[in-house]
Amino acid sequence: MTTTAPPRDADERLVPTGRTTRVLRRPEVGAAVAALAILLFFTVVADQFLTPSGVGTWLNSASRFGIMAVAVAMLMIGGEFDLSAGAMTGATGLLVGVTTTGFGLNVWVAVLLALVVALAVGALNGVLVVRTGLPSFIVTLGTFFVLQGLDLALVKLVYGQVAVQGFAKVPNFDSVRPVFGGTIAIGGASISVSVLWFLAVTAVATLVLLRTRAGNWVFAVGGAQSSARATGVPVARTKIGLFMTTAAAGWLVGMISLFQSSTVQSSTGVGDEFIYIICAVVGGCLLTGGYGSAVGAALGALIYGMTRQGVVYAGWDSNWLYAFLGVMLLAAVLVNNWVRTRAERMR
């Protein structure tokens, strides 16, 4: 009795694939290779890079970008963008700063109020995108300008300047700071608690994407929205939930920044939304949706954090960071495309 191989257009689950092929097809492979290369490069050119203090510094930097990059990656997998993500980090920090120092609100209440406001803005973004059919690029760009305008105008109205200072003096500040702005000594390095938040967010996002029905919905609405709706996937609920997730991540990063520095400015976070998108793309997310991973976005943020601090340790002009970032983005896109193409040929 003879058997025939399944046709080439058969479901990929019916086609035998080797371990190497399965590994190469993972979206985070390119980012993992790039992260290792960046680590080795700056270890060679900058003596301080791999010291305990050096590792602590670039890990702390990467963690703040990584939390947002993971949330943005999930949204991109779902086929949408959020250009208000950067402004959200500053807006939530300013809300807590203004309500506590200017109006005497309890700091714990202010933190929870900021979370509620962030979730409301995220839900509004999602509802507008779903109900109007407008591109999320346009909707969230409008939200970005609204948040930026409020950050500047309201803070200046209350304080006559565009920064909130003296936040460390508010009652109960010391009870909240360990949660968002604390540090842990590990192996001689001072590691911010934001690194633990970063690891937790990445782990939870990975679990959701790969092991839950909601994760299947995210990939479905990003890859083929019409087909997903026809098979009963709650497209509207999924997309609104993703926008709320991004807003919640913005709140978390806003709290981390506020309680680490004890001050916040109206310009905090503005422009960082592009860094989050770059980290997600470097981590393997497609701009067209339906493909990517939380781990890949986390690695993309790690690459950015290492590069950002490595440039300083190497004694180079910090302006080279943006040129390097552009090259890294283009290289990552090309590498990811090559890896996926080669993996498909090996099937």
Side-chain angles (χ1 to χ4, degrees), residues 64-65 67-69 71-72 75-76 80-105 107 109-167 170 180 239-280 322:
R64 294 192 300 273
F65 289 97
I67 291 169
M68 283 303 309
V72 167
L75 183 62
M76 289 178 64
E80 305 294 348
F81 296 91
D82 188 352
L83 294 185
S84 66
M88 180 64 73
T89 65
T92 52
L94 285 167
L95 179 59
V96 173
V98 170
T99 54
T100 53
T101 62
F103 298 94
L105 188 66
V107 65
V109 175
V111 168
L112 293 177
L113 174 63
L115 175 59
V116 172
V117 171
L119 292 175
V121 173
L124 178 61
N125 281 337
V127 170
L128 287 175
V129 169
V130 171
R131 295 291 179 85
T132 66
L134 292 172
S136 55
F137 176 90
I138 298 299
V139 172
T140 57
L141 181 61
T143 306
F144 163 79
F145 282 117
V146 171
L147 290 176
Q148 187 180 18
L150 290 174
D151 290 351
L152 291 166
L154 290 183
V155 175
K156 193 171 183 179
L157 180 65
V158 175
Y159 295 99
Q161 58 184 5
V162 292
V164 177
Q165 299 176 340
F167 183 65
V170 302
F180 299 107
K239 293 203 173 190
I240 293 172
L242 288 172
F243 278 106
M244 293 178 69
T245 298
T246 305
W251 164 83
L252 177 56
V253 174
M255 297 305 98
I256 290 171
S257 299
L258 176 62
F259 285 94
Q260 280 184 347
S261 64
S262 303
T263 185
V264 62
Q265 298 182 354
S266 296
S267 60
T268 299
V270 175
D272 288 347
E273 55 277 348
F274 297 109
I275 304 298
Y276 307 147
I277 293 174
I278 288 173
C279 291
Y322 297 100

For this session: Could I get the full list of side-chain hydrogen bond (donor to acceptor under 3.5 Å, both in side chains) partners for Thr99, not counting sequence neighbours?
Result: none

For this session: Output all residues satisfying side-chain contact (heavy atoms from CB on, under 4.5 Å) with Thr101, sequence neighbours left out; order by chain, then residue number.
Result: Tyr159, Val164, Phe167, Val170

Exercise. Among all residues two or more places apart in sequence or in another chain, which pass the side-chain contact (heavy atoms from CB on, under 4.5 Å) test with Leu124?
Worked result: Leu128

Seminar exercise, completed: Between the OG1 atom in Thr246 and the CZ atom in Phe81, the distance rounded to the nearest 0.5 Å is 12.0 Å

Exercise. Within the side chain of Thr268, is there an N or O that forms a donor-acceptor pair under 3.5 Å with the backbone of Gln265?
Worked result: yes

Exercise. If you look at every heavy atom in Ala114 and Val96, which pair is closest and at what distance?
Worked result: CB-CG2, 3.7 Å

Exercise. Of all heavy-atom pairs between Met255 and Thr92, which one has the smallest distance, and what is that distance?
Worked result: CE-O, 3.5 Å

Problem set entry | Straight-line distance of Ile67 CD1 to Thr89 OG1, nearest 0.5 Å | 11.0 Å

For this session: Starting at CG of Leu134, measure out to CG of Leu141 and round the result to the nearest 0.5 Å.
Result: 12.0 Å

Problem set entry | Intermediate values then yes/no, side-chain contact (heavy atoms from CB on, under 4.5 Å), Leu75 and Thr245 | CA-CA 8 Å; Leu75 183 62; Thr245 298; over 6 Å; no

Exercise. By ring pair (Phe, Tyr, Trp, His ring centres under 6.0 Å), which residues pair with Phe180, not counting sequence neighbours?
Worked result: Trp251, Phe259

For this session: Could you tell me whether the side chain of Val253 reaches within less than 4.5 Å of the side chain of Asp272, counting heavy atoms only?
Result: no

Exercise. Which pair of heavy atoms, one from Ala118 and one from Ala247, lies closest together, and at what distance?
Worked result: O-CB, 3.1 Å

Problem set entry | Pairing residues for Ser136 by the side-chain hydrogen bond (donor to acceptor under 3.5 Å, both in side chains) criterion, not counting sequence neighbours | Glu80

Problem set entry | Qualifying side-chain hydrogen bond (donor to acceptor under 3.5 Å, both in side chains) pairs with a residue from residues 141-157, counting only residues at least two apart or across chains | Asn125-Thr143

Exercise. At what distance, to the nearest 0.5 angstrom, does OG of Ser261 lie from CD1 of Ile256?
Worked result: 11.5 Å

Exercise. Are Leu83 and Ile277 close enough, and set up right, to give a side-chain contact (heavy atoms from CB on, under 4.5 Å), and what steps lead you there?
Worked result: CA-CA 9 Å; Leu83 294 185; Ile277 293 174; 3.9 Å; yes

Seminar exercise, completed: Rounded to the nearest 0.5 Å, the CD1 atom of Ile275 sits from the CZ atom of Arg64 at a distance of 13.0 Å

For this session: With the side chain counted from C-beta on, respond yes when Phe243 and Val127 share a heavy-atom pair under 4.5 Å apart, and no when they do not.
Result: no

Exercise. Quick one: side-chain contact (heavy atoms from CB on, under 4.5 Å) partners of Leu150, sequence neighbours excluded?
Worked result: Val146, Leu154

Problem set entry | Partner residues of Val130 under the side-chain contact (heavy atoms from CB on, under 4.5 Å) criterion, sequence neighbours left out | Ala236, Lys239, Ile240

Problem set entry | Over all atoms of both residues, closest heavy-atom pair of Ala69 and Cys279 | CB-CB, 3.7 Å

Exercise. Glu273: what forms a salt bridge (charged side-chain N to carboxylate O under 4.0 Å, His left out) with it, not counting sequence neighbours?
Worked result: none

